[in-house]
Trainee: 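Please see the structure below; I have some questions.
Whatever order the structure lists ligands and atoms in, that order sets their numbers, starting from 1.
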Amino acid sequence: MLKVAVLVSGGGTNLQAVIDAIRDGGITDAKITLVISNNAGVKALDRAASAGIRSMVLSPKDYPDRAAFNAALLGTLKEEAPDLVVLAGFLVAIPPEVVLAFPGRIINIHPSLIPAFCGKGYYGLKVHEAALARGVKLTGATVHFVDEGTDTGPILLQKAVEVHENDTPETLQRRVMEEAEWVILPAAIDLIARGAVTVENGKVRIRQ
Ligand code: GAR
């Protein structure tokens, strides 16, 4: 049984997709044991509560500086000892010490086809604003392993989504979530839970 910790910041629709997939059998052999949010009062925490999953708020605002927050995040995760840490719309940079403590065991969902529209400053709606400003015809989502860079780790799964001429950042965000994010994030967790994923020379291999 893969023990999963999910880190969130807001709406938690990706968290919900994972909860639903575990319930419906789309993900086998995995259990979310802890949800951590950096924001209090967000819908993601309600979603965890409704599913009977333990949750907690860990906010940089509650610590004197970022180093203290990073130490608290590391300590919490070490104590929880998950097999996999899932960043599901977690908009706080993961400190290098956490990456080092969980090598190859942290994944992130990003709302574009990496390497487009990713890296520092590209998160949430900003990603879709940039895609529309560039006039791309296809965008999508990526699940990747987290390394010490921003959105630079090995790519696990990607799914393309069409951009429509009359799209706003909001309509595009919604389509990318529905058609790509909520599909590939549960799929990635299932593949990891099945032991089907290896990383060689920075590239992911999937055994079907
Ligand atoms: C999602 O679109 C996710 O891909 C994005 O934040 C949103 C969170 O939505 N993540 C990033 O931009 C990370 N760079 P959710 O809280 O409803 O899952």
Trainee: Run the salt bridge (Lys or Arg N to Asp or Glu O under 4.0 Å) test against Asp20 and tell me which residues pass, sequence neighbours left out.
Mentor: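 Scan of Asp20 (salt bridge (Lys or Arg N to Asp or Glu O under 4.0 Å), adjacent residues dropped) gives Arg23.
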
Trainee: Evaluate the side-chain proximity of Pro82 to Leu34: yes if any heavy-atom separation is below 4.5 Å, no if none is.
Mentor: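 Answer no - side chains too far apart.
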
Trainee: Using a 4.0 angstrom limit on heavy atoms, which residues are close to ligand 1?
Mentor: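 Within 4.0 Å of ligand 1, the protein residues are Gly11, Gly12, Thr13, Asn14, Gly89, Leu91, Ile109, His110, Pro111, Tyr122, Tyr123, Gly124, Met177, Glu181.
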
Trainee: Is there side-chain contact between Ile114 and Gln158, with at least one heavy-atom pair below 4.5 Å?
Mentor: yes

Trainee: With distance as the sole criterion, is a donor-acceptor pair present between the side chains of Thr152 and Asp147 under 3.5 Å?
Mentor: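 Yes.
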
Trainee: Who passes salt bridge (Lys or Arg N to Asp or Glu O under 4.0 Å) against Asp190, sequence neighbours left out?
Mentor: Arg194

Trainee: Can you list everything that forms a salt bridge (Lys or Arg N to Asp or Glu O under 4.0 Å) with Asp167? Sequence neighbours excluded, please.
Mentor: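 With neighbours one apart ignored, the set is Arg175.
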
